[in-house]
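Hydrogens, waters and symmetry mates are skipped; everything else that's a heavy atom, side chains included, is used.
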Amino acid sequence: MSAAAQAAPPRAGRREWTALAVLCLPTMLLMLDMNVLVLALPHLSADLEASAVQQLWITDVYGFLIAGFLVTMGTLGDRAGRRRVLLGGAAAFAAASALAAFSTSAEMLILARAVLGLAGATVMPSTLALISDMFKDSRQRAAAVSAWATSLMVGVALGPAVGGVLLGAFWWGSVFLLAVPVMLLVLLTGPKLLPESRDPAAGRLDAVSVTLSLATVLPLVYGLKELARDGWQPLPLAALAAGAAVGTAFVLRQRKLADPMLDLRLFGDPTLRAGLLVGLLNATIMGATGLMVALYLQTVAGLSPLEAGLWLLIPATTMVIGVNLTTVLTRRLRPAHVLAAGLALAAVGQFLLTGTSGAGGIALLLTATCLIYFGTSPVGPLTTNVVLEAAPPEKAGAASALSSTGGEFGVALGIAGLGSLGASVYTARVTVPDGVDAASAEAARESIAGAVSAASAGLPPGTADELLESARAAFASGLHSVAAVSAALSLGLAVLIVLRLRNVRPSGEGHGHEPAAGGDAPQTGTPRADTAHAG
């Protein structure tokens, strides 16, 4: 046997591919559960008599706790075992879903959603770490990560449609019960199909680090979301400052610990750093684009949430196609070239968005969005794969959690930052005609949703039409500004990728990347100890 054959990593077989299908199910469900609530909220709010504040908590607590616990659960999986953490999370998710479905009060539903978020935080880092462990071959791992990324996007795309179908046939609790059979399937098949893996040299989880991690992430995510919702108010700014201060303390503690919760040496790999940065910035762009497009369809075009969700299935389908095409292209082409070309195409789509009018233009909007979604489709699977390749196997859970957390922060940052840009342009451009009462005029100046509400609240037809025309044109101007900035960011990101990820080889050429300019040896692709297995 040749030395090359001896060095070749083992290839995955039928068991691993079947296990991948099992791992994709909870991943898809996690994203579906984030979006399915959009249509159910009015029904459950009326049934449970939820106040406006309670409705916000019902909507937000799930995402808050997922973002807050991703790093903790990823690190816990590295220590306690990724399969064990995933199966424990699946059991808790199924139980909390049943609790949410049969909630009798708003407080009970908020508690159930909080447990769902905590359990959901086990899914992404555990599934990615298990995929990294099962698929050693570079080409197979790239295909597996693409399948995983596809399941994420399918969950996002199907959320509103599935919610609409279930609400049309059953009561609002059915949107939560959907998770129970999926998680039961994971619990039944996981022990037989999924290998147990962990960091054999890991110590105990540091409770202080866990507390500092939560006290960093939760205020930061909360502050970004509140900035997007209410603008530059004292409370969200204070939350951001507090999160940044605690985050500094978290980093200092990790540097002092002999066995840190988050090994900061991971950031010493330039390829891993670049992968995380690209994922963060792309999520920022997509978070803002998704928000503005969805608002356009519902407020400017006047579609219902279900109708808007169904229209958005078209660009979501192009994204799924792009993800699967990425797997084929990167067998022969360098990931940096595929990523840069895709982001250049996305920039063309963003440029087309600047041509949408306030009077309609769904066809142009959807064409542009298809180009954006297709162009950005390689980013998720390729950056995730880059991060997994760069991290040591025993740190796969922590690396996966960092990748997922970066995506969460990027979306929140895009909605808060670029979303605020669109809102400020709208406020500067909208004109409220005479004859609108002070309260309605103030609401109309704040957002297009307020203008639509004011126009439908008994205004004379001529005044209502004039207000809507101005609001739609102002919103279109805000969309144009966000799209122009996003186009510039996409092109800048393409340049960054070419500079920082150009040494990553095609998946068909094996692991690792070529030495960086100057002769420095890469930290990826070097021989590393295999992760410990059990069961």
| said: Between L128 and L388, does the side chain to side chain contact (heavy atoms under 4.5 Å, CB included) criterion hold? Intermediate values first, please. | reply: CA-CA 8 Å; L128 272 176; L388 290 175; 4.0 Å; yes
| Quick check: does any side chain N or O of S490 sit under 3.5 Å from a backbone N or O of A347, one acting as donor and the other as acceptor? | no
| OG1 on T376 to CE on M319, rounded to 0.5 Å | 4.0 Å
| V386 versus L272: any side-chain heavy-atom pair under 4.5 Å? | no
| request: Evaluate the side chain to side chain contact (heavy atoms under 4.5 Å, CB included) criterion for residues W148 and M124: first the C-alpha distance (whole Å), next the side-chain angles of each, then the deciding distance (0.1 Å), finally the verdict. | output: CA-CA 10 Å; W148 179 88; M124 284 195 280; 4.0 Å; yes
| How about R429 and S477: does a side-chain donor come under 3.5 Å of a side-chain acceptor? | yes
| query | Quick one: CE on M108 to CG on L99, what's the gap to the nearest 0.5 Å? | reply | 4.0 Å
| note | Heavy atoms of L303 and A308 approach each other most closely as CB-N, 4.1 Å
| query | Taking C-beta and beyond as the side chain, do L491 and L343 meet within less than 4.5 Å on heavy atoms? | reply | no
| said: Using 0.5 Å steps for rounding, measure from the OG1 atom of T122 to the CG atom of L86. | reply: 5.5 Å
| Which atoms form the tightest heavy-atom contact between E446 and T427, and what is the distance? | O-OG1, 4.2 Å
| Atom pair CD1 (I448) and OG1 (T299), whose distance is rounded to the nearest 0.5 Å | 3.5 Å
| task | Pick out which of L421, I285, T354 makes a side-chain contact (heavy atoms from CB on, under 4.5 Å) with S486. | result | I285
| message | Counting only heavy atoms not in R253 (residues, nucleotides, ligands), do more than 12 fall under 6.0 Å from its CZ? | response | yes
| task | Mark yes or no for whether S174, through its side chain, and F170, through its backbone, hold a donor-acceptor pair below 3.5 Å. | result | no
| request: May I ask you to decide if F374's main-chain N or O and S377's side chain share a donor-acceptor pair within less than 3.5 Å? | output: yes
| message | I need the L29 CG to C24 SG distance, nearest 0.5 Å. | response | 12.5 Å
| request: Search all heavy atoms of L220 against all heavy atoms of A244 and return the closest pair with its distance. | output: CD2-N, 3.9 Å
| query | Any side-chain heavy atom of L276 sitting closer than 4.5 Å to one from S403? | reply | yes
| message | Side chains of S209 and Q254: any donor to acceptor distance under 3.5 Å? | response | yes
| task | Please examine the side chains of F69 and V217, heavy atoms only from C-beta on, and report whether any two atoms are closer than 4.5 Å. | result | no
| query | Side-chain contact, heavy-atom cut-off 4.5 Å: L489 with L281? | reply | no
| query | Taking the side chain from T356 and the backbone from L353, do they hold a donor-acceptor pair closer than 3.5 Å? | reply | yes
| field | Worked check of side chain to side chain contact (heavy atoms under 4.5 Å, CB included) between I372 and M286 | value | CA-CA 9 Å; I372 295 167; M286 294 303 293; 3.8 Å; yes
| query | Between OG1 of T27 and CG of L32, what distance do you get to the nearest 0.5 Å? | reply | 12.5 Å
| query | Is there a donor-acceptor pair under 3.5 Å between the side chain of R113 and the backbone N or O of I58? | reply | yes
| field | Validation row: L177, W171 side chains within 4.5 angstrom (heavy atoms) | value | yes
| field | Test applied, side-chain contact (heavy atoms from CB on, under 4.5 Å); reference residue, M31; option that passes from V154, V123, L152 | value | L152
| task | Please lay out, stage by stage, how D78 and R82 fare under the test salt bridge (Lys or Arg N to Asp or Glu O under 4.0 Å). | result | CA-CA 6 Å; D78 288 341; R82 289 122 188 185; 2.6 Å; yes
| request: Fit a plane to each ring of F93 and Y62, take the angle between them on a 0 to 90° scale, and name the class: parallel (under 30°), tilted (30 to 60°) or perpendicular (over 60°). | output: perpendicular
| remark: For P381 and V145, the nearest pair of non-hydrogen atoms, with its separation, is O-CG1, 3.4 Å
| For residues T289 and Q350, is any side-chain donor paired with an opposing acceptor at under 3.5 Å? | yes
| Any donor-acceptor pair under 3.5 Å linking the side chain of S470 with the backbone of L467? | no
| Taking all atoms of both residues into account, what is the closest heavy-atom pair of I66 and L30, and its distance? | CD1-CD1, 3.7 Å
| Nearest heavy atoms of P125 and L70, plus distance in Å | CD-CD2, 3.6 Å
| Counting only N and O atoms by type, is there a donor-acceptor contact under 3.5 Å from the side chain of T318 to the main-chain atoms of P315? | yes
| Under 3.5 Å, is there a donor-acceptor pair between the side chain of Y426 and the main chain of S447? | yes
| query | Going by heavy atoms in the side chains, are L240 and P219 under 4.5 Å from each other? | reply | no
| request: Start with the C-alpha gap between M261 and T72, add the side-chain angles, then the distance that decides, and say whether side chain to side chain contact (heavy atoms under 4.5 Å, CB included) holds. | output: CA-CA 8 Å; M261 172 183 160; T72 299; 3.4 Å; yes
